[in-house]
Amino acid sequence: MSEERGVKDVAKDRLESVGIILNPEKRSGMFLQVDQSTALASPLYEGVEVMSIRDALKKYEWVSDLMWSLVKREQDEYTREADSEDVNGYFIRAMPGAKIEMPVEACLYLKTLGHKQKVHNIIIAEEGSELNIISGCTSHPGVVSGMHIGISEFFVKKDAKISFTMVHGWERDMEIRPRSAAKVEENGVFISNYVLLTPVKLVQMYPKAYLGKNAKAVFSSILLAHEGSVVDVGSYGALQGEKSSVEIISRSISTGGKVFARGHIVAEENDVKGHLECRGLMLSDDGEIHAVPELETKYSQVELSHEAAIGKIAEEQVFYLMCRGMTRDEATSTIVRGFMDVEIKGIPDSLRFAISKAVELAAKDMF
Amino acid sequence: MLQVVNLKVRVDGKKVLNGVSFYLEQGNTYVLFGANGSGKSSLLNTIVGNPKYEVVSGRIIFKDVDVTEMSPDERVKLGMGIAFQNPPEVDGVKLKELLEYCRGISGLDGEEVEKYIEMLNMEELVGRHVNKGFSGGEVKRAEVLQLLVLNPELVMLDEPDSGVDIENLSIMGKALRTLLERDKKKDERTKTSLIITHTGHILQYVDADYGMILHNGRIACIGNPEKILEDITEHGYEGCVDKCLKNVE
């Protein structure tokens, strides 16, 4: 516990900036991993399990069968690298029928300069349960370089729901490569939010959701690429069961960095629905935004659509807000904040608050 | 209150105002008439400082301060307010957030804001993003609501009645009477206003003190607003301006 105290004292702000408040009264469970070791793992509510993946492997035989069942071990050099002996990560599970609105918080903290953090997470919402997770990943102040490879596999059972909000706060020379996938069974709901507003060298991820009958997934990403950052983030939805649906929403801003906002929806069954919305805002002439929306099917009874738009801040809006008394900077940051304010449905207010706070901070720093 | 002196304005290189001069006295309501494209909206945009409108020459003096070079927010903080004919949508910004900002400028208390929201029947709209998916009439009500909360000394309204259905016209009329202090005695009024109206419908609810016609980029006549509207209806803008000029001669 002494290490955990240390982290709390030195980097409280840091953790708060990625939504980690370490307040047991406002969380249904807490997990904190520092580099490769577990600093804290405590379930705080009945019906929720929170432990390190190392402990979960010891406790349940079946956990090893779930690992690498959705993300392929051989996917790329990073997944291979994550498959190592010193891998850690979290295991979070809502027991059948347990509806836990209060979020579990899980934090992956990079403390040692140059460390390669390897993480493998398993998240399960058993039948009829509801699980809300805020996952904050960040690094110790001054740890400017390092690498984070996080494998996450989500299992949303029949009639269950997982909302997963991940906020990243890194440093300029970090390379971040999460690999994740979700299997959503009949009537299940998977809501995945990703927020990246700090500088980073590279983030590259393409989370996937495989949707069963009448299952639903919503991916929302809020991305800010600072000068020197490459942010390559996509979401993939495979509509495999009838009446399944997926919505992919992204908002990207470049203040000089490069963004690839990808989205890919594949309809593998009739009577399914998918929509993709990519919007980009260019705040600098040095940046770059590529919106890459893809829709794919071999079936005739499907409804797939996408809209993509990239632009700059409309001068007309700035003038309008100035006519209500805002200075040019206030008006611009209000518009940028509004642009990033994706109305994410189906998440508790505390998670919404964590996202708004991160957006607020970023908008304030920008002008 | 407001003095506009020989104002010449260009937008995208095109001349839109060609030597406009007039004076607005505190406490009065002025109606600005003019054909389509005569420069009415350009005039209001220039007065409030829209950077798209380039002032080639002339001055705008507001409350004895030369505001010609000031930014819009500085003019607003000095006491100007404008309701636009076609304001933009501002995605992600809720109307109530914007009202809260306006309240910060005017110092109005929260109860009063609630009263205005109710007066304009906007309870359901304030939680939505500014002008996003609003009907024509809702946009106009939102504009007037913002001005009520901003509480400016000089109120400029660009076509507050266009697109407002009959049912809401009386709500709008009531709100405008409040905004422009028309229910107060003449010597108690402090608000000055300049209203653009195409149809003149709003005059049924707001009794203006003066009418003006903007013609060929200049103010052609000033007089009794009902009389001017009557002449325009009867003789058209050209005819009305001719008649006006003859009277002057």
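Quick note on labels: first sequence line is chain A, next is B, and so on, each numbered from 1.
The candidate from B/S71, B/P152, B/P72 with the greatest count of non-hydrogen atom pairs under 4.5 Å with chain A is B/P72. Interface remark: of the candidates A/E315, A/R328, A/M326, A/M326 forms the most heavy-atom pairs closer than 4.5 Å to chain B.
Under a cut-off of 6.0 angstrom, the local environment of NZ in A/K273 is sparse, with at most 12 non-hydrogen atoms contributed by other residues, nucleotides or ligands. Open room surrounds NZ on A/K312; 12 or fewer heavy atoms of other groups in view lie less than 6.0 Å from it. Other residues, nucleotides and ligands place more than 12 heavy atoms under 6.0 Å from the CG atom of A/N23. In A/K216, the NZ atom is not crowded: 12 or fewer heavy atoms of neighbouring residues, nucleotides or ligands sit closer than 6.0 Å. Other residues, nucleotides and ligands contribute more than 12 heavy atoms inside 6.0 Å of the CD atom of A/E294. Around the CG atom of B/D109, the shell of radius 6.0 Å holds more than 12 heavy atoms that belong to other residues, nucleotides or ligands. Within a 6.0 Å radius of OH in B/Y210, other residues, nucleotides and ligands contribute 12 heavy atoms or fewer. More than 12 heavy atoms of other shown residues, nucleotides or ligands fall within 6.0 angstrom of atom NZ in A/K99.
Against chain A, the residues from residues 86-101 of chain B that qualify, each with a non-hydrogen atom under 4.5 angstrom away, are B/N86, B/P87, B/P88, B/E89, B/V90, B/D91, B/G92, B/V93, B/K94, B/L98, B/Y101 in number order. Residues of residues 41-51 of chain B lying under 4.5 angstrom from chain A, judged on non-hydrogen atoms, are B/N45, B/V48, B/G49, B/N50, B/P51 in numerical order. For residues 112-133 of chain B, the interface with chain A (any heavy-atom pair closer than 4.5 Å) comprises B/H129, B/V130, B/N131, sorted by residue number.
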### Task
Apply the test side-chain contact (heavy atoms from CB on, under 4.5 Å) to residues B/V149 and A/R324: give CA-CA distance (whole Å), side-chain angles for both, the deciding distance (0.1 Å), then the verdict.
CA-CA 10 Å; B/V149 178; A/R324 300 299 176 243; over 6 Å; no

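Interface residue B/L150: only side-chain heavy atoms are found under 4.5 Å from chain A. Proximity to chain B (any heavy atom under 4.5 Å) is shown, for A/R251, by neither the backbone nor the side chain.
Among residues at least two apart or in separate chains, ring pair (Phe, Tyr, Trp, His ring centres under 6.0 Å) pairs with a member in residues 302-332 of chain A are A/F319-B/F84, A/Y320-B/F84.
Taken from SG in A/C323 to CD in B/E143, the straight-line distance is 9.5 Å, to the nearest 0.5 Å.
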